[in-house]
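Just so it is clear: chains get the letters A, B, ... in the order the sequence lines come, proteins before strands, and each one is counted from 1.
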Amino acid sequence: MPELPEVETIRRGLLPKIKGQRIDGVTADGSKVFQMDPELLGLHIPGQVICDLRRRAKYLIFELERHRLIVHLGMTGQLTLRNPGTRDSNRFLRHPVTGLQRTRQHAPDRHTHFQIHFATGTSVFFRDVRKFGKVYLFDISDESVEILFSRLGPEPFSESYTLKGFLEKMGTRKLRIKSLLLDQGFVAGVGNIYADEALFQAGVYPGRRVRYLRKYEKVRIFEAVPDVLRKGIVAGGTTISDFVDSDGAVGGFQEQLNVYGREGQRCYRCDSVILKIIVGQRGTHYCPACQKR
DNA sequence: AACCTTCCCTGATGGC
DNA sequence: TGCCATCAGGGAAGGT
């Protein structure tokens, strides 16, 4: 599940390879991931240069000369480069939930929803098995793009992410802290994995009601969120099932997870058995000794 | 307004 | 062997 570190890892991998490249052609299928007529891609995109690739929350924004192509990877979305000079891989990563996933550059298949081709022969593929991803195309002068981002909270690495704002937004809210961290309007970019890891690092039980948190606990959560996200980026993201970077390689942060996916295993810090519960309809992992109720 | 639940979607898995 | 329920979850929609 691509969260901020996975999306940022993709951005950093793609940017140097595609910046300044002129788009030669585009192919797209009729998938529901497209939030516009997919034929508009072929109509508008070819001929334009990719000026930049930015990220806002979990969205990737391809800045073209006259358009913005915006991609949200949803649950299983992948954005990869394919170099015609490199052999496609037949290696797979095995996962009990989502099964076999390619781990290297691969040829397009039935889940590949669009391809951007460059004159060099290189392509960018968007592949999404479960189709929870979304693709948008905006004219560069279309200000309605802001509607897409208007409800997003602060970027955890920006100056808009302040303790003061963090505490104020918590206010006297009654929901559970895990659910609040998943709310993209509270802080942008946190998903299920990093929410669990941040709460472990902060030593806070995920089911705690926000209004009953002590101030020092809120401060620790405030600090833990960017900290675990940063560690995730440094490790190249987390691969539980589908995530691959722009070169098709798996991430490394799954090796550093303290609680996520570790149900029944021992806590590295205190040797207690990690538990899994449901919070806000999401699987939630925690250490009952390090994160007391 | 705040909060909670349901839905979308696919492929692997386990029970019968 | 096949069939069906179950699970994973980001985010929007619908309900209370």
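Nearer the 5' end of DNA chain C, as judged by each residue's closest nucleotide, is the contact made by I278(A), out of Y59(A) and I278(A). Comparing S179(A) and R282(A) by the nucleotide of DNA chain B whose heavy atom lies nearest to each, the residue mapping closer to the 5' end is S179(A).
Side-chain atoms of H111(A) lie closest to dG11(B) of the nucleotides dC9(B), dG11(B), dC4(B). The side chain of K131(A) lies closest to dT10(B), out of dT10(B), dG11(C), dC3(B). Here the nucleotide nearest the side chain of K276(A), chosen from dG9(C), dA8(C), dT10(B), is dA8(C). Proximity note for Y260(A) (side chain, C-beta onward) versus dA12(C), dG9(C), dC8(B): the nearest is dG9(C). If you check dG10(C), dC9(B), dG11(B) against the side chain of V129(A), the one that comes closest is dG11(B).
To the nearest angstrom, P of dG11(C) lies 4 Å from CD of Q184(A). Put simply, CG on L182(A) is 12 Å from P on dC4(B), counting in whole angstrom units. Spacing between atom CE of M75(A) and atom P of dC9(B) amounts to 15 Å, rounded to whole angstrom units. For F186(A) and dC3(B), the CZ to P distance is 12 Å, given to the nearest whole Å. Rounded to whole Å, atom C1' of dC3(B) lies 9 Å from atom NZ of K174(A). Distance D183(A) CG to dT5(B) P: 16 Å, rounded to the nearest Å. Taking atom CD on Q78(A) and atom C1' on dT10(B), their separation rounds to 13 Å, with Å as the unit. Spacing between atom CZ of F132(A) and atom P of dA8(C) amounts to 13 Å, rounded to whole angstrom units.
The pair E8(A)-R11(A) counts as a salt bridge, with a side-chain nitrogen and a carboxylate oxygen less than 4.0 angstrom apart. No salt bridge links E197(A) with K231(A); every basic N to acidic carboxylate O contact stays at or beyond 4.0 Å. Of the charged side-chain nitrogens involved, none lies within less than 4.0 Å of a carboxylate oxygen, so that R127(A) and D242(A) do not count as a salt-bridged pair.
Residue-level contact check: G133(A) touches neither bases nor backbone, having no heavy atom under 4.0 Å from any strand. Residue-level contact check: R110(A) touches the backbone only, with heavy atoms under 4.0 Å from sugar-phosphate atoms and none from bases.
In this structure, R262(A) is not positioned above the aromatic face of F200(A) in the sense of NZ or CZ being under 6.0 Å from the six-membered ring centre and within 45° of the axis.
Two residues are said to be in side-chain contact when any heavy atoms from C-beta on lie closer than 4.5 Å; F114(A) and V33(A) fail this criterion.
Donor-acceptor pairing under 3.5 Å, judged by distance alone, is present between the side chain of R130(A) and the base of dA8(C).
The side chain of K58(A) places an N or O atom within less than 4.0 Å of a non-bridging phosphate oxygen (OP1 or OP2) of dG11(C). Contact annotation: K32(A) reaches the phosphate of dC9(B) (side-chain N/O to OP1 or OP2, under 4.0 Å). Between H72(A) and the phosphate of dG11(C), there is a side-chain N or O to OP1/OP2 separation shorter than 4.0 Å.
Each of E3(A), Q201(A), E6(A) was evaluated against Y194(A); a single residue qualifies, E6(A), per the side-chain hydrogen bond (donor to acceptor under 3.5 Å, both in side chains) test.
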